[in-house]
Asks: 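Have a look at the structure that comes next, please.
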Amino acid sequence: MQFIQPILWQDAIDKIGQKSLIGSALSSEEWSEIPLELRERAFFSSTIENVRFLQRARDGITEFLSSAVETLPDGQKALATGSRQQFIKQMQDFAIAEGMGPLDAHDAGTIKDITSEGRLGLIFDVQTQSAEDYGYWKQGMDPDVLNEFPAQRFIREREVKQPRPIHQQNEGVVRLKSDLEFWLGMNSPAIGGFGVPWGPWGFGSGMGVEDADRDEAEQLGLLKPGDTVQPVDRDFNDKLQASTQGLDQDMVAKLKQAFGDQVVFNDEENMVAWSGKPAGSSAPPSPAPAPAAIPAAPSTPAAPATLDDVLKQLGLDAKANATADDMIALREQLKEQNPVNQAQVIKSIKGDQPAGALTEANIRKNVQEFLDFIPPAKVHHLPTLKISVTKSQDYIGQYSTKGEVQFSHDFLAHDPDRFRKNAFHELAHWLHREGDQAYRDAIRKHFEARTAGEKVVNLKPYAAKGKKDKWYEPYAGKIYHFETTPEGLEIPTRYLEWLTMTPAEQAILWNDPDFRETMKIVLQGLF
Amino acid sequence: MITTTCTLTFKDGTTVAGRVAVETPFDDAHVIYSGHVHRLPRKLAKTSPAVLRVMFRNLARELGAEINITDEGKFDVEE
């Protein structure tokens with residue numbers, strides 16, 4: 001039996017091409033007010049009015065999915081859009097040529113900037129994943145496939161920072177593919193989902209599905225031997241209608257114009273229904289709905305995680321003795337789903353070495369590892385990094401100001417582990433000293449509270465002065481000569497080194513109440 | 001270079017110690033254990049002086065032992 005039939009996969013490709021292009025200055029929040037049934041069929045991106053840009057983006061993704069080829073000037077054939085990176089480059093060039101950019105200059109390079117790699121990459125990722133997931137679902141609705149594999153299992157494909165509780169509760173659950181109530185529940189807009197019975201299961205959900213065969217479905221009592229499961233895609237389409245009540249009339253007019261005869265507006269009842277006709281043609285009805293809207297702004301995903309939420313979900317909020325496995329889970333949860341790429345952050349690297357720990361590649365690798373934990377919104381407010389490798393014997397690493405970091409060749413060139421920990425240390429300075437005032441205030445207040453009444457002493461075994469307290473490392477209490485009010489400048493540095501430690505070491509520190517009290521405050525910088 | 005030695009003294013007078021020597025604060029090194037090592041419910045084979053100190057402090061609380069920590073040497077360079 002052939003499970004992957006080209007004609008069905010073509011549906012997945014077609015759904016991108018059939019999306020109606022809608023240029024609009026609406027923000028992501030405003031787009032969320034548009035009926036889901038229309039958003040699913042629209043190719044849009046928040047705050048982008050340029051329809052030619054949207055056309056190019058839709059074409060590029062369709063080309064990628066269908067592996068369309070173009071003839072190069074030398075006569076050779078090549079994929080028109082052969083990779084994610086190529087898509088991003090093409091769209092960046094196009095957007096710049098069109099004079100497009102962020103509405104606010106402060107958003108340059110951020111997810112709000114359509115010329116940024118992050119924004120374009122997100123568009124590409126969600127659209128292609130949507131197509132693949134729709135194609136997989138569509139294949140599963142083929143009667144022969146459905147007979148052999150009538151059910152599917154809801155699985156976690158990757159760990160995420162804040163899993164949705166309902167997803168956690170249903171990990172590993174097997175249900176019939178026709179159980180629309182269940183699958184729509186897993187992708188409900190109420191939990192940041194897309195309202196369709198296929199993936200993606202919400203922004204950054206990390207969830208997926210895998211087929212379950214008839215034997216397993218029968219053992220689970222989902223159906224009896226000889227039962228036939230009916231495909232459900234047409235039923236799903238038939239139910240699509242939505243209210244336009246509350247929509248601005250200008251927007252209703254724009255949607256009417258953009259969707260044409262794909263949708264039927266009932267102005268008297270403020271309702272809109274899907275006609276089933278493909279975009280811009282009078283061809284026979286297509287059953288293929290488009291799955292998800294383009295991600296556009298960072299506010300669209302599920303509610304932002306807090307450290308308390310993460311600890312609660314992992315059961316670490318009330319656990320007296322955390323294990324190494326707990327620390328592995330926590331470290332993974334602290335990672336960003338779409339971290340900023342180091343290339344966007346590093347302005348220059350000077351003095352890098354041809355081999356050893358201080359090669360350009362290894363410097364970039366360590367910066368990226370640090371960035372993997374930092375919310376992009378925070379990173380975009382930090383100065384770019386100007387990194388230099390020096391011959392100093394006076395310091396191991398050093399953070400100056402405005403993103404200038406020096407690493408000592410003499411101390412670091414031959415020890416990758418030492419460099420990794422020092423890189424985290426110096427980049428923690430960057431995050432803390434150049435970051436938001438609220439974080440600096442929280443660290444300063446913690447330093448004041450913990451060291452109240454203490455005298456300034458020599459912090460042995462360091463040649464430094466400060467307040468010793470119960471920091472796990474005396475250097476965390478250092479007070480610099482230029483500080484009129486102690487800021488706790490070495491608290492984030494020392495404590496974020498924890499991210500480079502082994503899980504067993506992390507657990508030992510985490511289980512120390514004094515360490516944990518400070519660490520929880522330091523980790524606020526990662527949210 | 002510093003050498004940090006953490007020693008636990010149990011109520012019966014027996015002791016167990018862990019020692020680690022590193023060149024910089026960013027280093028880990030193999031821990032050398034001595035004394036009644038079997039009384040330690042957990043050990044790290046390799047770590048930093050800072051983590052060794054916390055581990056032994058936690059163990060002291062857990063096992064009802066007295067703890068003594070010494071540092072020899074100093075770190076000369078800035079970070």
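Side chains are part of it too, since the values below use all heavy atoms of this structure and drop only hydrogens, waters and symmetry mates. Chain letters run A, B, ... following the sequence lines, proteins first and then strands; every chain starts at 1.
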Asks: If you count every heavy atom of other residues, nucleotides or ligands that lies below 6.0 Å from A:Lys319 atom NZ, does the total exceed 12?
Replies: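 Atom NZ in A:Lys319 is packed in, count exceeds 12.
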Asks: Could you check which of B:Val51, B:Thr4, B:Leu52 has the highest count of heavy-atom pairs closer than 4.5 Å to chain A?
Replies: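 Maximum pair count with chain A is reached by B:Val51.
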Asks: Drop me the distance from B:Lys74's NZ to A:Tyr462's OH, to the nearest 0.5 angstrom.
Replies: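 It is 14.0 Å, given to the nearest 0.5 Å.
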Asks: Under 4.5 Å, counting heavy-atom pairs only, tell me which of B:Ile2, B:Asp71, B:Thr24 racks up the most with chain A.
Replies: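 It is B:Thr24.
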Asks: Look at atom NZ of A:Lys378 and say whether more than 12 heavy atoms of other residues, nucleotides or ligands are closer to it than 6.0 Å.
Replies: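 For A:Lys378, atom NZ is crowded (more than 12 foreign heavy atoms under 6.0 Å).
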Asks: Which heavy-atom pair separates A:Glu473 from B:Ala50 by the least distance, and what is that distance?
Replies: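 Residues A:Glu473 and B:Ala50, closest heavy atoms: CG-CB, 3.5 Å.
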Asks: Chain B heavy atoms under 4.5 Å from A:Phe411: which part of the residue, side chain, backbone, both or neither?
Replies: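 For A:Phe411, the side chain is the part near chain B, not the backbone.
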Asks: Donor-acceptor check, side chain of B:Asn58 to backbone of A:Ile508, threshold 3.5 angstrom: yes or no?
Replies: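 Yes, the answer is positive, given that a donor and an acceptor are paired below the 3.5 Å cut-off.
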Asks: Show your working on side-chain contact (heavy atoms from CB on, under 4.5 Å) between A:Arg418 and B:Glu23 and close with a plain yes or no.
Replies: CA-CA 10 Å; A:Arg418 184 188 289 176; B:Glu23 189 179 340; 3.5 Å; yes
Asks: Who among A:Arg494, A:Lys460, A:Glu490, A:Glu426 has the most heavy-atom pairs with chain B under 4.5 Å?
Replies: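 The candidate making the most pairs under 4.5 Å is A:Arg494.
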Asks: Is it the backbone or the side chain of A:Arg420 that comes under 4.5 Å from a heavy atom of chain B, or both, or neither?
Replies: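 Neither part; nothing is under 4.5 Å.
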Asks: So for A:Asp514, is it side chain, backbone, both, or neither that comes closer than 4.5 Å to the heavy atoms of chain B?
Replies: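 Looking at A:Asp514, nothing touches chain B.
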Asks: Tell me, with the steps shown, if B:Asp28 and A:Lys421 meet salt bridge (Lys or Arg N to Asp or Glu O under 4.0 Å).
Replies: CA-CA 10 Å; B:Asp28 290 342; A:Lys421 196 174 277 190; 3.5 Å; yes
Asks: Minimum heavy-atom separation for B:Gly73 to A:Pro461, with atom names?
Replies: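 Looking at all heavy atoms of both residues, the closest pair is O-CB, 3.7 Å.
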Asks: Side chains of B:Arg53 and A:Pro474: closer than 4.5 Å at any heavy-atom pair?
Replies: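 Sidechains of A:Pro474 and B:Arg53: in contact.
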Asks: Fit a plane to each ring of B:Phe26 and A:His425, take the angle between them on a 0 to 90° scale, and name the class: parallel (under 30°), tilted (30 to 60°) or perpendicular (over 60°).
Replies: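 Ring orientation of B:Phe26 relative to A:His425: perpendicular.
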Asks: In terms of heavy-atom proximity below 4.5 Å to chain B, should A:Gln393 be classed as side chain, backbone, both, or neither?
Replies: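 For A:Gln393, the backbone is the part near chain B, not the side chain.
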Asks: Run the salt-bridge test on B:Arg61 and A:Asp512 with the 4.0 Å N-O cut-off and return the result as yes or no.
Replies: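 A salt bridge links B:Arg61 with A:Asp512.
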Asks: In residues 37-48 of chain B, which residues are in contact with chain A at a heavy-atom separation under 4.5 Å?
Replies: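 The stretch touches chain A at B:Leu44, B:Lys46, B:Thr47, B:Ser48.
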Asks: Heavy-atom count around B:Glu66 CD within 6.0 Å, excluding the residue itself: above 12?
Replies: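 Check fails, neighbour count at 12 or below.
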Asks: Got a second to check how far A:Lys470's NZ is from B:Arg57's CZ, nearest 0.5 Å?
Replies: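 So the gap between those two atoms works out to 9.0 Å.
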